Amino acid sequence: MTDVRTIEVEAVTKRFGAVAAVNSLSFQVAPGRVTGFLGPNGAGKTTTLRMLLGLVRPTEGRATFGGVAYADLDSPLRTVGAALEAASFHPGRSARNHLAILATASRIPRARIDATLDLVGLSEFADRRVGGYSLGMRQRLGLASALLGDPGVLVLDEPINGLDPEGIKWIRSLLRALAGEGRTVLVSSHLLSEVQQSVDDVIIIARGELVHEGTLSSLSAGDSLSVLVDAPDRAALAAALSAAGFTVTAARAGLVVVGVEAEEVGRAAFAAGVPLSTLHRQSSGLEETFLHLVGGDR
Amino acid sequence: MSTATSLSTTNRNDLSHLGIIQSEWIKLRSLRSTWWTFAILFVITVGVGIQMSSSTSFAWLDGGLSQTGMQAAGVNAVIIGTDINVLVVSVLGVLVIASEYSTGMIRSTFTTVPQRVPALLAKSLVLAIGTFLVVALAVAITIPISIGLLAGNGIDVRLDDPHYWRAMIGSICYLVLIGLMAFGIGAILRSIAGGIAVALGLVFVAPLALGLVGGSSAPQIWLQNFVALLPFNLGRALTAHPGYADFASPGVPLQRPEGLWVLEPWQGALGLVMWVVVVFTAAIVLLKRRDA
């Protein structure tokens with residue numbers, strides 16, 4: 001690993017004609033952590049990552065690695081490893097040749113090719129043409145391309161997409177290990193649940209704009225709290241809770257009280273002498289908070 | 001990376017021109033389509049050259065062919081396949097660059113070489129060298145066979161004729177330059193189908209169509225002169241032997257309309273180089289500007 005840098009996106013806008021795919025987006029990605037870059041399809045994730053990698057020119061703003069634009073890096077592949085969602089290789093070439101092309105241009109020792117193929121579990125298929133690879137194998141090759149230069153920063157676009165359960169488990173521990181070594185790791189996904197177990201921080205965008213930036217736990221802080229409560233005599237319970245000043249909504253499984261802890265609900269029922277059959281705290285879940293944030297809650 | 005070979009940390013500016021050229025060479029040689037195309041180039045050059053050499057005869061001509069006519073016949077027999085091979089190198093030139101766009105490989109190329117232009121130039125260089133070597137080898141093999149076959153038909157080609165060799169080298173350079181022009185077109189259009197259509201349109205269809213329109217009557221001389229500046233006709237000029245008239249219509253001098261340009265070989269070469277420069281300039285300007 002050569003040098004570790006912070007990813008800095010500063011007021012970046014990209015317009016395609018009249019459409020702003022990304023609109024004045026700013027965020028930072030810190031080293032030593034796995035950061036999830038989340039948003040529904042079409043939110044502008046891939047466009048942002050492409051701007052970061054110098055493939056797409058921002059209309060306004062700049063995206064850098066510790067203040068240096070990708071195109072100005074002295075050793076791009078040793079500084080930033082990128083795996084883009086869409087295939088970035090020729091199907092007629094073998095994985096080994098693909099990596100040899102990248103290594104030769106960047107003066108990365110040939111030994112790294114075998115080491116990286118081994119790391120992503122492609123050694124056995126290294127001399128087969130990529131055209132015959134499964135989606136999971138292509139993801140692994142993308143990851144191998146990213147890791148080839150042993151970079152301090154990793155930018156991975158939907159790396160979990162297409163992997164089998166075993167592969168998902170493997171990549172999660174790999175991401176953790178990479179961040180554990182002090183690298184900056186940015187992983188995009190359109191599903192929070194997909195990366196929930198491996199990310200420390202989240203950056204959520206929707207319609208090209210930032211909607212949330214913070215730690216994963218900051219996401220659950222905004223969680224709306226509710227309590228599900230029921231009693232054999234539901235009418236008596238409803239009256240008691242209303243009298244205690246709670247807002248009660250009827251649900252199929254009982255009554256839902258919003259914005260309070262279960263303890264308070266239990267105490268009110270006890271004071272009114274209504275025996276309960278159900279009392280539990282409901283969490284709306286990260287995924288729902290996420291969907292709510294990106295405006296896709298259904 | 002705990003499991004990995006560690007890298008030296010002192011390297012700055014890892015991207016060298018030599019490294020990028022070597023990388024592009026791996027790209028070229030690691031695709032089957034390259035070898036197929038090179039094989040076709042080789043087979044056409046040798047095969048058509050042998051066929052032409054064995055079937056060229058002027059035994060019917062009273063008094064036989066002049067020596068300069070025989071030299072032109074010798075040139076013609078070896079390089080006749082060039083007219084077909086311009087099609088092959090046009091396709092190869094477009095394919096080499098446009099396939100990167102159609103497959104997505106271009107993203108890997110640009111993340112590896114973010115300045116982009118060095119990668120484009122390195123790619124065109126390995127294409128040019130590869131094409132040159134394959135065609136040169138094919139021509140070198142065809143020449144002795146051709147001379148033997150022509151001698152059997154009573155045509156004695158003398159090898160101390162500088163025009164003979166100039167036409168040979170000219171035909172090799174012609175194919176390299178057409179390949180480069182097609183490469184530039186592919187880089188501009190970023191599409192295999194579109195690139196091949198435009199390259200073949202420019203090389204084959206344009207001279208044919210405009211030639212038909214131009215005819216040979218005097219008022220359209222300007223049009224014929226314009227047609228002379230198209231790649232195909234510049235290639236004809238580059239590969240021409242001064243004895244061509246004697247060979248093409250022995251005993252009957254060719255009539256050329258007044259005001260029609262007859263380009264010297266060096267003018268043909270210069271014209272082709274200009275085509276390549278113009279197309280490359282446009283390709284480089286667009287390459288820097290466009291999103292990938």
Side-chain angles (χ1 to χ4, degrees), chain A residues 1-3 14 16 47 50-51 53-57 69-78 80-82 84 86-94 96-98 100-109 111-112 114-116 118-119 129-131 142 145-147 149-150 177-178 180-181 183, chain B residues 1-36 95-119 122-123 126 287-292:
Chain A
M1 188 176 13
T2 45
D3 71 296
K14 179 64 185 182
F16 294 106
T47 303
R50 287 188 180 173
M51 286 193 280
L53 298 170
L55 294 172
V56 168
R57 187 191 300 256
Y70 186 83
D72 298 327
L73 292 170
D74 285 328
S75 317
L77 290 196
R78 290 180 201 241
V80 180
L84 292 169
S88 303
F89 17 77
H90 195 298
R93 276 191 198 104
S94 67
R96 193 188 302 284
N97 278 330
H98 178 75
I101 286 163
L102 305 188
T104 306
S106 308
R107 286 201 277 176
I108 292 167
R112 280 292 297 170
D114 285 319
T116 326
D118 216 33
L119 179 71
R129 299 205 292 163
V130 176
S145 316
L147 294 169
D150 195 18
L178 292 167
E181 288 162 15
R183 293 171 218 259
Chain B
M1 189 98 301
S2 47
T3 52
T5 326
S6 73
L7 296 172
S8 82
T9 54
T10 49
N11 270 328
R12 303 305 288 171
N13 232 331
D14 289 327
L15 293 163
S16 69
H17 290 298
L18 186 63
I20 296 170
I21 291 165
Q22 286 171 333
S23 167
E24 287 296 338
W25 166 237
I26 300 175
K27 275 191 196 172
L28 191 69
R29 71 169 166 77
S30 60
L31 288 179
R32 283 188 202 167
S33 58
T34 305
W35 296 106
W36 277 112
L95 210 56
V96 158
I97 180 73
S99 70
E100 288 222 1
Y101 286 96
S102 67
T103 59
M105 180 67 198
I106 198 73
R107 285 188 288 269
S108 292
T109 301
F110 287 167
T111 45
T112 307
V113 188
Q115 293 78 20
R116 300 184 182 184
V117 177
K123 188 184 283 296
V126 298
L287 187 75
K288 286 184 182 172
R289 204 179 281 172
R290 289 199 286 210
D291 291 340

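The figures that follow rest on heavy atoms only: side chains count, while hydrogens, waters and symmetry mates do not. The chains referred to below are lettered A, B, ... by the order of the sequence lines, with proteins before strands, and numbering in each begins at 1. This is a predicted model, so every value here is computed, not measured.
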Note: B/Asp291-A/Arg50 ion pair, threshold 4.0 Å (strictly below): no
Tell me, for B/Gln115 versus chain A, whether the close heavy atoms (under 4.5 Å) come from the side chain, the backbone, both or neither. side chain
Could you tell me which non-hydrogen atom of B/Lys288 sits nearest to which non-hydrogen atom of A/Arg57, and how far apart they are? O-NH2, 2.8 Å
Please give me the minimum heavy-atom distance between A/Tyr70 and B/Phe110, naming the atom from each residue. CE2-O, 4.5 Å
When rounded to the nearest 0.5 Å, the distance separating CZ of B/Arg107 from CZ of A/Phe89 is 9.5 Å
Which pair of non-hydrogen atoms, one from A/Thr104 and one from B/Ser23, has the smallest distance, and what is that distance? CG2-N, 3.7 Å
So, does B/Ser108 use its side chain to make a donor-acceptor pair with the main chain of A/Ser88 at under 3.5 Å? yes
Supply the atom-to-atom distance A/Ile101 CD1 to B/Thr109 OG1, rounded to the nearest 0.5 angstrom. 8.0 Å
Heavy atoms of B/Thr111 and A/Pro76 approach each other most closely as O-CB, 3.8 Å
NZ of B/Lys27 to NE2 of A/His98: how many Å apart, nearest 0.5 Å? 9.0 Å
Between the CD1 atom in B/Ile26 and the CG atom in A/Asn97, the distance rounded to the nearest 0.5 Å is 7.0 Å
Compare every heavy atom of B/Thr103 with every heavy atom of A/Pro91, then report the nearest pair and how far apart it is. CD-CG2, 3.4 Å
Separation of A/Arg93 CZ from B/Met105 CE (nearest 0.5 Å): 5.0 Å
Is there a side-chain contact between B/Pro114 and A/Leu73 in this structure, where contact means two heavy atoms from C-beta onward sitting under 4.5 Å apart? no
Interatomic distance, NE2@A/His90 vs CD1@B/Ile106, rounded to 0.5 Å, equals 11.5 Å
